[in-house]
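The structure appears below as structure tokens.
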Amino acid sequence: MTFRDLGQTLEAPEGQLLLDLCLDNGIEMEAACGGFAACNTCRVRVVSGELSPRDEVEDPFLDRPDQRLGCQAAVTGDVTLELDPGES
Ligand code: FES
């Protein structure tokens, strides 16, 4: 798991949620709703690679197909992200 905007790469166990991965490794990820898919403060941008399939509960909070909610998306393999979700 590479956070491109931080220049940081971590080993991430498959199935771990991005929010938990960040919290466990001291990477700041806002989670105003506590991880219940009720805000969009945990949005990230997927630069390359894949995460768990996008859940329909995320759709109202995402402006672009390359965005995901960190509290819903889980690690499935090598992926590069940016914590800045980008312009809508
Ligand atoms: S923490 Fe609120 S949607 Fe992810």
Side-chain angles (χ1 to χ4, degrees):
M1 172 73 54
T2 299
F3 295 89
R4 190 165 79 171
D5 41 3
L6 300 178
Q8 189 170 354
T9 299
L10 301 172
E11 285 296 318
E14 189 166 334
Q16 186 172 33
L17 292 174
L18 296 180
L19 177 60
D20 293 338
L21 178 68
C22 288
L23 294 176
D24 289 350
N25 289 281
I27 294 173
E28 189 172 336
M29 176 178 279
E30 273 192 65
C33 73
F36 293 101
C39 68
N40 67 2
T41 58
C42 66
R43 278 187 307 174
V44 299
R45 186 172 84 85
V46 179
V47 176
S48 65
E50 289 190 28
L51 296 166
S52 57
R54 186 162 149 168
D55 192 298
E56 63 188 27
V57 300
E58 296 177 73
D59 291 343
F61 302 103
L62 304 177
D63 298 322
R64 302 184 341 195
D66 61 350
Q67 293 177 339
R68 295 296 305 273
L69 294 181
C71 67
Q72 303 300 307
V75 174
T76 59
D78 287 341
V79 67
T80 298
L81 303 175
E82 288 188 345
L83 292 173
D84 181 344
E87 298 296 319
S88 55

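Everything quoted here is computed from the prediction, not taken from an experiment. Side chains included, hydrogens not; waters and symmetry mates left out as well; all remaining heavy atoms used. As the structure lists them, so they are numbered: ligands from 1, and atoms in each ligand from 1.
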>> Any side-chain to backbone donor/acceptor pair from D5 onto D84? Under 3.5 Å, distance only.
In response: yes
> For the side chain of E30 and the backbone of T41, is there at least one donor-acceptor N/O pair under 3.5 Å apart?
Replying inline: no
> Which of the atoms of ligand 1 are close to A38, meaning less than 4.0 Å from one of its heavy atoms?
Replying inline: 3 (S)
>> Under 4.0 Å from a heavy atom of A31: which atoms of ligand 1 are those, numbered in the order shown and with their elements?
In response: 1 (S)
> Can you tell me if R68 uses its side chain to pair, donor with acceptor, with the backbone of S52 under 3.5 Å?
Replying inline: yes
>> Using a distance threshold of 2.8 Å, state whether an N, O or S atom of C71 lies below it from atom 4 (Fe) of ligand 1.
In response: yes
>> Using heavy atoms and a 4.0 Å limit, tell me yes or no: is G35 in contact with ligand 1?
In response: yes
>> Need the ligand 1 atom indices (1-based, order shown) with element for anything under 4.0 Å from a heavy-atom of A37.
In response: 3 (S)
> Any chance CD of Q8 has more than 12 other-residue heavy atoms, nucleotides or ligands included, within less than 6.0 Å?
Replying inline: yes
> Considering the options L6, T2, L18, V47, which one meets the side chain to side chain contact (heavy atoms under 4.5 Å, CB included) requirement together with L81?
Replying inline: L18
> Is a donor on one side and an acceptor on the other found under 3.5 Å between the side chain of D55 and the backbone of V57?
Replying inline: yes
> Which of the atoms in ligand 1, numbered in the order shown and given with their element, are less than 4.0 Å from a heavy-atom of C42?
Replying inline: 1 (S), 3 (S), 4 (Fe)
>> Looking only at protein heavy atoms, which one is nearest to atom 3 (S) of ligand 1, and what is the separation?
In response: C39 O, 2.9 Å
>> Is C33 close enough to atom 4 (Fe) of ligand 1 that one of its N, O or S atoms comes in under 2.8 Å?
In response: no
